[in-house]
Amino acid sequence: MPELPEVETIRRGLEEKIKGLTIKNVEVRLAKQFQGKATDIIGAKVLSVRRRGKVTIIDLSNGKSLIIHLKLTGQLVFRHDGRSFIGGHPIPFAGTDLPAKTTHIIFDFTNGARLFYNDLRQFGWIKVLRSEEVNTTSAIGKLGIEPFTNDFSLEAFSPILKRSSKPIKLVLMDQEKIAGVGNIYANDALFEAGIDPRRKANSLTPSEGHKLFISLHSVLKEAIKYGGSSAADEAYVNAAGVPGKYQDHFRVYQRQGQLCLNKCGQKIVRIALSGRGTFFCPHCQK
DNA sequence: CTGCGGTCCTGAAGGC
DNA sequence: TGCCTTCAGGACCGCA
């Protein structure tokens with residue numbers, strides 16, 4: 001599912017393709033996924049494509065912004081003349097023909113390019129806001145520290161751990177504490193740090209907290225480098241319709257029953273933590 | 001405050 | 001073959 005690395009990969013691809021384009025029309029095929037008036041954005045030009053946590057923000061020239069949450073299966077795929085692009089270059093294959101039956105919103109630009117919002121499970125949403133409302137809207141205003149900014153420091157991270165008695169994995173995934181971390185990267189960062197996902201956050205030593213801070217940062221960075229992850233049952237593709245490659249580098253996520261990558265001889269175990277699939281090595285994560 | 005469970009939705013997987 | 005049940009999962013909501 002799209003977490004920070006996937007949304008960031010989409011953002012980079014989208015910004016490159018739609019910045020400066022003018023919206024000609026918006027076709028809303030599934031009304032519940034589009035909140036606000038489509039007519040409010042027609043004729044507006046795309047100024048920037050930003051990201052906060054897992055939320056994509058498209059700022060427009062008329063004082064409006066679109067905010068988009070892809071939730072589990074949302075996709076934003078750009079096509080021009082029926083083709084997808086990486087950089088300025090058209091690529092021959094980029095998934096299925098669009099629109100597909102999962103296509104619920106279509107943006108048409110004046111140059112003939114199109115942006116397809118696809119969402120198999122229909123949990124995601126797109127909202128039209130006034131640009132000045134973006135920072136305070138509920139989906140963004142309550143978000144915690146943003147990785148890859150100066151706000152993401154050990155000085156900010158440590159007190160978050162100290163203040164919670166919840167399992168550390170839930171704290172990593174709490175969007176009001178740290179923005180953008182979901183199930184995949186919480187699991188992999190905890191493996192990298194050698195910490196049991198069930199440990200109470202406030203039971204981590206300063207040294208463990210430091211190790212986790214470094215691991216979280218490096219795992220997210222590596223995932224962006226590989227263009228995000230598209231696991232077996234996941235719908236993630238980038239803005240060109242192309243899957244990511246981080247799934248080939250999963251440490252523990254969805255590796256239950258397979259050998260620990262530390263060569264300790266133990267197999268990765270899957271448990272449920274607060275109803276979410278949780279993967280770890282019982283030998284290497286204490 | 002915490003910790004439940006339900007909700008949205010679809011397709012895959014398993015049972016018989 | 002085919003029908004039925006179960007399950008996954010981000011964010012949010014209501015309840016105890």
- Intermediate values then yes/no, ring-ring contact (aromatic ring centres under 6.0 Å, His included), A:Tyr246 and A:Tyr185: CA-CA 11 Å; A:Tyr246 181 80; A:Tyr185 303 106; 5.4 Å; yes
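As judged by a 4.0 angstrom heavy-atom cut-off over every strand, A:Lys142 is placed among residues making no nucleic acid contact. Residue contacts shown for A:Leu120 are limited to sugar-phosphate atoms, with no base heavy atom under 4.0 Å away. Within 4.0 Å (heavy atoms only), A:Gly277 reaches sugar-phosphate atoms of the nucleic acid but no base atom. Among the atoms of the strands shown, only primed sugar atoms or phosphate atoms (P, OP1, OP2) are found under 4.0 Å from some heavy atom of A:Arg270.
Nucleotides of DNA chain C lying under 4.0 Å from heavy atoms of chain A occupy a range whose first and last members, 5' to 3', are C:dA8 to C:dA11. Bounding nucleotides for the chain A contact on DNA chain B, 5' to 3', at a heavy-atom distance below 4.0 Å, are B:dG3 to B:dG11.
Between A:Phe279 and A:Tyr253, the ring-plane angle classifies as perpendicular under the 30° and 60° cut-offs.
In summary, A:Glu6 and A:Lys54 do not engage in a salt bridge, as defined by a charged side-chain N under 4.0 Å from a carboxylate O. Taking the charged nitrogens against the carboxylate oxygens, A:Glu8 and A:Arg11 do have a contact shorter than 4.0 Å, which makes a salt bridge.
Place A:Thr278 and A:Ser138 on DNA chain C by their nearest nucleotides, and A:Thr278 ends up nearer the 5' end. Sequence order on DNA chain B of the closest nucleotides to A:Arg121 and A:Pro167 puts A:Pro167 first from the 5' end.
Proximity of a side-chain donor or acceptor of A:Ser230 to a complementary backbone N or O of A:Gly228 within less than 3.5 Å is not detected.
What you find for A:Val252 and A:Phe280 is that their closest heavy atoms are CG1-CA, 4.2 Å. Of all heavy-atom pairs between A:Leu154 and A:His210, the closest is CD2-CD2, 3.3 Å.
Annotation: side chain to side chain contact (heavy atoms under 4.5 Å, CB included) contacts of A:Thr102 (sequence neighbours excluded): A:Ala100, A:Asn118, A:Leu120.
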